[in-house]
Trainee: 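Please read through the structure below; I'll follow up with questions.
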Amino acid sequence: MMTILTYLIPFLLAFFGMEFMAWFTHKYIMHGFLWFLHEDHHQPDPNTFFEKNDAFFLVYAIPSWLCIMLGMMWGNTFSVGFGFGILAYGVTYFLVHDVLIHRRFKWFDKVQNPYFKALRKAHKVHHKNRFKEEGSCFGLLVVPRKFYQEQKKKR
């Protein structure tokens with residue numbers, strides 16, 4: 001039981017902590033000094049599939065990979081669990097942001113759940129502003145309650 005907890009606790013810490021990290025990175029780094037990499041996400045070129053913004057996955061993929069690899073090499077279960085937590089958030093981010101919200105892949109076209117519709121609404125509000133300054137709704141999985149309530153009433 002203790003062995004499972006030494007993986008599970010850091011996994012959960014990393015997964016839920018990543019929502020804060022994603023919010024912070026999005027608000028202060030992507031809409032800050034690395035705007036030149038994020039700009040094409042707000043002002044997309046309809047003729048290209050990839051964006052410079054796609055490079056941000058490395059910001060989290062590299063620490064995840066290092067935590068898992070080094071944790072396995074040194075027998076550090078906390079590091080392995082933490083790395084898999086970052087990985088799980090990255091997979092979730094891809095499925096929610098790129099597939100559900102931006103529909104880069106047409107996998108979830110018939111989603112009717114109010115929470116997922118609220119995620120789309122919050123991100124749509126974020127993209128109303130196409131520029132670096134004065135954005136809102138920088139998080140991914142935590143959405144303003146009013147968007148959830150709106151979607152729930154529409155059912």
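What's counted below: heavy atoms across the whole structure, side chains too, no hydrogens, waters or symmetry copies. What you see is a predicted model; the values in this text were computed from it and never measured.
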Trainee: Which heavy-atom pair separates C67 from S79 by the least distance, and what is that distance?
Mentor: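 Nearest pair, atom of C67 first, then S79: O-OG, 2.7 Å.
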
Trainee: How long is the span from the NE2 atom in H97 to the NE2 atom in H41, to the nearest 0.5 Å?
Mentor: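 One gets 3.0 Å once the value is rounded to the nearest 0.5 Å.
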
Trainee: Kindly compute the distance separating CD (Q43) from CD (E51), expressed to the nearest 0.5 Å.
Mentor: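 CD of E51 is found 11.5 Å from CD of Q43.
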
Trainee: What class does the angle between the rings of H126 and H31 fall in, given that below 30° is parallel, 30 to 60° is tilted and above 60° is perpendicular?
Mentor: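 Rings of H126 and H31: perpendicular, over 60°.
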
Trainee: Quick one: do H127 and H102 satisfy side chain to side chain contact (heavy atoms under 4.5 Å, CB included)? Show the steps, please.
Mentor: CA-CA 11 Å; H127 276 272; H102 287 288; 3.4 Å; yes

Trainee: In sequence, state the C-alpha distance, the side-chain angles, and the governing distance for K146 and K121, and then conclude on side chain to side chain contact (heavy atoms under 4.5 Å, CB included).
Mentor: CA-CA 10 Å; K146 68 179 180 183; K121 171 77 177 188; over 6 Å; no

Trainee: Using 0.5 Å steps for rounding, measure from the CD atom of Q151 to the NZ atom of K117.
Mentor: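 Q151 CD to K117 NZ: 5.5 Å, rounded to 0.5 Å.
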
Trainee: Using 30° and 60° as the class boundaries, would you call the ring planes of W35 and H42 parallel, tilted or perpendicular?
Mentor: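 Ring orientation, 0 to 90° scale: tilted.
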
Trainee: If every non-hydrogen atom of C137 is compared with every non-hydrogen atom of A122, which pair is closest and at what distance?
Mentor: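 C137 and A122 have their closest heavy atoms at CB-O, 3.4 Å.
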
Trainee: What I want to find out is whether D40 reaches K52 closely enough, with some N-O distance under 4.0 Å, to be called a salt bridge.
Mentor: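 No, no charged N to carboxylate O under 4.0 Å.
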
Trainee: Starting at CG of L95, measure out to CG of L100 and round the result to the nearest 0.5 Å.
Mentor: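 That separation rounds to 9.0 Å.
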
Trainee: Going through the distances and angles, do L37 and M30 end up as a side chain to side chain contact (heavy atoms under 4.5 Å, CB included)?
Mentor: CA-CA 7 Å; L37 289 175; M30 296 166 86; over 6 Å; no

Trainee: Out of curiosity, L8 CG to T3 OG1, how far, rounded to the nearest 0.5 Å?
Mentor: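 Going from the CG atom of L8 to the OG1 atom of T3 covers 12.0 Å.
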
Trainee: Quick check: closest heavy atoms across F82 and P10, and the distance to 0.1 Å?
Mentor: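 Minimum heavy-atom separation between F82 and P10: CD1-O, 3.6 Å.
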
Trainee: Hydrophobic cluster membership, with links at side-chain heavy-atom distances under 4.5 Å among I/L/V/M/F/W/Y: are M73 and I62 in one?
Mentor: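 Yes, it is one cluster - the side chains of M73 and I62 are joined through contacts under 4.5 Å.
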
Trainee: Is it true that V143 and V125 fall in one hydrophobic cluster, defined by side-chain heavy atoms closer than 4.5 Å?
Mentor: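 Different hydrophobic clusters.
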
Trainee: Does atom CH2 (W65) have a neighbourhood of more than 12 heavy atoms from anything else shown, all under 6.0 Å?
Mentor: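 Counting other residues, nucleotides and ligands, CH2 of W65 stays at 12 neighbours or fewer.
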
Trainee: Answer yes or no: is there a donor N or O on one side and an acceptor on the other, between the side chain of Y115 and the main chain of L141, under 3.5 Å?
Mentor: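 Flag set: sc Y115 to bb L141 pair under 3.5 Å.
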
Trainee: Would you confirm whether the ring centroid of W23 sits within less than 6.0 angstrom of the ring centroid of H26?
Mentor: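 No, they do not, as the ring centres are separated by 6.0 Å or more.
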
Trainee: Please check if the number of heavy atoms outside F49 that lie under 6.0 Å from its CZ is greater than 12.
Mentor: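 Atom CZ in F49 is crowded, with more than 12 foreign heavy atoms closer than 6.0 Å.
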
Trainee: State yes or no: are the ring centers of Y28 and F24 separated by less than 6.0 Å?
Mentor: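 Close enough - the centres of the two rings lie under 6.0 Å apart.
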
Trainee: Please name the pair of heavy atoms, one in E19 and one in V142, separated by the smallest distance, quoted to 0.1 Å.
Mentor: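 Closest heavy-atom pair between E19 and V142: OE2-N, 3.2 Å.
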
Trainee: Is there a path of hydrophobic side-chain contacts, each under 4.5 Å between heavy atoms of I/L/V/M/F/W/Y residues, joining V59 to Y93?
Mentor: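 In one cluster: yes.
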
Trainee: Taking Y60's backbone N and O only, do any of them form a donor-acceptor pair with S64's side chain (distance below 3.5 Å, no angle check)?
Mentor: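 Not at all, since once roles are kept as given, no pair shorter than 3.5 Å links the two residues.
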
Trainee: With a cut-off of 6.0 Å (strictly less than), are more than 12 heavy atoms of other residues, nucleotides or ligands near NZ of K153?
Mentor: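 Not more than 12 within 6.0 Å, no.
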
Trainee: Say you draw a straight line from CZ of F15 to CZ of F84; how long is it, rounded to the nearest 0.5 Å?
Mentor: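 One finds 15.0 Å between CZ of F15 and CZ of F84.
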
Trainee: Just wondering, more than 12 heavy atoms not from F57 lying within 6.0 Å of its CZ?
Mentor: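 No, not enclosed.
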
Trainee: According to a 4.5 Å side-chain heavy-atom criterion applied to Ile, Leu, Val, Met, Phe, Trp and Tyr, with indirect links allowed, do Y7 and W74 form part of one hydrophobic cluster?
Mentor: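 They do not share one cluster, since no chain of ILVMFWY contacts under 4.5 Å joins Y7 to W74.
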
Trainee: When you compare the side chain of L140 with that of I101, does any pair of heavy atoms fall below 4.5 Å?
Mentor: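 They are in side-chain contact.
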
Trainee: Does CG belonging to L58 count more than 12 external heavy atoms closer than 6.0 Å?
Mentor: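 Yes, the 6.0 Å shell around CG holds more than 12 heavy atoms from other groups.
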
Trainee: For the pair F78 and T6, evaluate side chain to side chain contact (heavy atoms under 4.5 Å, CB included) and give the outcome as yes or no after the intermediate values.
Mentor: CA-CA 6 Å; F78 186 91; T6 61; over 6 Å; no

Trainee: How close do R103 and D109 get, heavy atom to heavy atom, and via which atoms?
Mentor: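 In terms of heavy atoms, the two residues are closest at NH1-OD1, 3.7 Å.
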
Trainee: Would a single hydrophobic cluster contain both L70 and L13, if residues Ile, Leu, Val, Met, Phe, Trp and Tyr are joined by side-chain heavy-atom contacts under 4.5 Å?
Mentor: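 No; tracing contacts between hydrophobic side chains, which count when under 4.5 Å, never links both residues.
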
